[in-house]
Amino acid sequence: MASSEEARLERFLQWLQVNGAELRGCKIKYCDSSKGFGIYSSNDASDGVLLVVPLHLAITPMRVLQDPLLGSECRAMFTEGEVDDRFLMNLFLTVERLRKNSSWKPYLDMLPTSFGNPLWFADDELLELRGTTLYQATELQKRSLLSLYNDKVKDLVKKLLILDGDSESEVSFEDFLWANSIFWTRALNIPLPHSFVFPQMQEEQLSCLSMDKSSVASTDHSSSREMKNGKDEKKCEVKGNDSDMYGRAVVSVHKDTVWVEGLVPGIDFCNHDLKAAATWEVDGTGSITGVPFSMYLLSAEQSPFQIEKELSISYGNKGNEELLYLYGFIIDNNPDDYLMVYYPVEAIQSISFADSKSQLLEAQKAEMRCLLHRSLLDCGFFPASSPNDKGNDNCKVDRACNYSWSGCRRTPSYVNKLVFPEDFLTTLRTIAMEEDELLKVSSLLKELVGPGGERQPSDVEVRAAVWEACGDSGALQLLVDLLHVKITDLEENSGTEDCDTKLLEQARITECPEQLARNTDGSDECIMSRNKWSSIVYRQGQKQLTRLFLKEAEHALQLSLSEDSEDQS
């Protein structure tokens, strides 16, 4: 490790110690250029507790709202509902990065200055993602962040720096982009003890507070973030009134736990592995660590203790699309990979009987997209694993519409092999419906409603009526068409799956910009950046999954057409 990195690490370790953190069975050291710093075992802690960090060191929206410099301005915006909790975090990180006298400097100096997620890709690297969901999502996200920076962040950061006595520092979009990436790559969804967020003396004043209890608490490395139709959507956001008497942000409350997103210096240097060597927990009372209100790293190893082993945690079962989008890395042959398939909402208006179908879609609470996980293929017509594998034992049929009013529509013989979610298939049935089928659905529903319109049919009943009238053929044909479009988009700019395989076989990854060119000495070796390699691995996986799910859809379609023909004969 270079002397500058050693000096930064030493300052950070001293800062942790001064602020009450304890490295009991681990040490922090530099891994490599792709990972940065990581946490490694140093000695066998008898209780398994490897690292303890007091929660007062966590950077959370609550801390931002109480900050001597930012607090007043942020509380005003937060009260008016102008910003959410994640904006507060990104604003704080942007300002603290630029402050010359920041008390967080030893920690901030340890953080990476560039990232492997597509927001940081060079133009030629981003082009490798063309045709994928991630390409569109990245372009939309970057435009959104740039707009937010120009409209709100830039002037606000300048104002705060001037209040701090700094009129010289210049803020740039890259500073804000850095803060955004730091948050998404390192934030934890922290289950804080209720008494830590709300001190006991304030309990009498809590009855009037409005808490958002609908948020889904998660122990993932970061809160859930999904891409829908190529757009970036975020969950678990704090609303303007979700705060305590000091304006401190609250994500969700469940019994004695308040879930809050935040950065925990030290713990956040754990890298990801599918087989985690450690987990993190919160110790509210100090009964485990001896440090009340602390987060600690706990060894998950069952085997004999190994010195100098990297202590990884799991960020959750995430596909390469999510890993690359949020964290900037991928896993080769990722078992949790998935394919997103969607029907464009804007295309609804161009189909026949658009208004009637839109009403039916709304009545069915229709899903316009679905995530097809790789594991579903083990339940299908062409499983990669053997029939005795555990994966097949867990296959469940989600078929709400498996009955018929008339008795003419049989439950398909292939229903237990159909890998596509029923919620999405019922959407496709409705969109693909012919005029006579639409009339039949209307007639069936009138039977339920009654002559006087005594009641409204439930979404399950509407789905059943649609299936009774349509069967599966139209939906499966539309699904086949969507998958054909997807594979065409994926292959248009980068060729087939085999082309990607060949590129990866020839690839040699380099971190040196000067070497980023194909060799001219006649060899087949292809020198590429890690970002380009990650893009190729990701898009190859998308092509493979599209091909495999297309094969499933085409086979199901043929069976459906065959059974429809038998029913009509």
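Because only heavy atoms are used, hydrogens play no part in the values below, and waters and symmetry mates are left out as well, while side chains stay in.
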Discussion item. Going by side-chain hydrogen bond (donor to acceptor under 3.5 Å, both in side chains), Q364 matches just one of D423, D459, T430. Which one?
Written reply: T430
Donor-acceptor side-chain pairing of [X] and [Y] below 3.5 angstrom:
{"X": "D481", "Y": "Q477", "value": "yes"}
{"X": "S494", "Y": "K543", "value": "yes"}
{"X": "W120", "Y": "S181", "value": "yes"}
{"X": "T427", "Y": "E367", "value": "no"}

Worksheet entry | Partner of V153 under side-chain contact (heavy atoms from CB on, under 4.5 Å), chosen from N150, L156, V157 |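 When side-chain contact (heavy atoms from CB on, under 4.5 Å) is applied between V153 and each of N150, L156, V157, only V157 qualifies.
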Fill in: Of I313, T279, V264, V53, the residue whose pairing with L297 passes side-chain contact (heavy atoms from CB on, under 4.5 Å)
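That would be I313; it is the only one of I313, T279, V264, V53 passing the side-chain contact (heavy atoms from CB on, under 4.5 Å) with L297.
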Worksheet item: Can the ring centroids of H555 and Y414 be said to lie less than 6.0 angstrom from one another?
Response: no
Mutual orientation of the aromatic rings belonging to [X] and [Y] [parallel < 30°, tilted 30-60°, perpendicular > 60°]:
{"X": "Y30", "Y": "F37", "answer": "perpendicular"}
{"X": "H272", "Y": "Y315", "answer": "tilted"}
{"X": "F269", "Y": "Y107", "answer": "perpendicular"}

Item to complete: Taking Q542 for its side chain and Y338 for its backbone only, find out whether a donor-acceptor pair lies under 3.5 Å.
Response: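 Looks like yes, one N/O pair under 3.5 Å.
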Practice prompt. Could you check E554, E497, E552, E491 and say which one makes a salt bridge (charged side-chain N to carboxylate O under 4.0 Å, His left out) with R547?
Written response: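 For R547, the salt bridge (charged side-chain N to carboxylate O under 4.0 Å, His left out) test succeeds with only one of E554, E497, E552, E491, which is E497.
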Worksheet item: With D32, which residues qualify under side chain to side chain contact (heavy atoms under 4.5 Å, CB included), at least two apart?
Response: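 With neighbours one apart ignored, the set is S34, K35.
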Practice prompt. Drop me the distance from Y149's OH to E174's CD, to the nearest 0.5 angstrom.
Written response: 10.5 Å
Discussion item. Let me confirm one number: the NZ-CG distance from K154 to D175, rounded to the nearest 0.5 Å.
Written reply: 12.5 Å
Per-pair distances, 0.1 Å, donor-acceptor, side chain in residues 533-540, under 3.5 Å, sequence neighbours excluded:
unit_1: S534; atom_1: OG; unit_2: R530; atom_2: O; d: 3.0
unit_1: S535; atom_1: OG; unit_2: N531; atom_2: O; d: 2.9
unit_1: Y538; atom_1: OH; unit_2: E321; atom_2: OE1; d: 2.5
unit_1: R539; atom_1: NE; unit_2: D500; atom_2: OD1; d: 2.9
unit_1: R539; atom_1: NE; unit_2: D500; atom_2: OD2; d: 3.3
unit_1: R539; atom_1: NH1; unit_2: E128; atom_2: O; d: 3.0
unit_1: R539; atom_1: NH1; unit_2: E128; atom_2: OE1; d: 2.5
unit_1: R539; atom_1: NH2; unit_2: D500; atom_2: OD1; d: 2.8
unit_1: Q540; atom_1: NE2; unit_2: T501; atom_2: OG1; d: 2.7

Discussion item. If you apply the rule salt bridge (Lys or Arg N to Asp or Glu O under 4.0 Å), what do you find for R374 with D336, and how did you get there?
Written reply: CA-CA 6 Å; R374 180 182 292 275; D336 297 307; over 6 Å; no
Worksheet item: How about E82: does its CD atom have over 12 heavy atoms from other parts shown lying under 6.0 Å from it?
Response: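 It does: E82 CD has more than 12 such atoms within range.
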Practice prompt. Return yes when atom NZ of K152 has more than 12 non-hydrogen atoms of other residues, nucleotides or ligands closer than 6.0 Å, and no otherwise.
Written response: yes
Worksheet item: Yes or no on salt bridge (Lys or Arg N to Asp or Glu O under 4.0 Å) for E96 and R99, after CA distance, side-chain angles and deciding distance?
Response: CA-CA 5 Å; E96 292 301 317; R99 287 181 70 188; 2.9 Å; yes
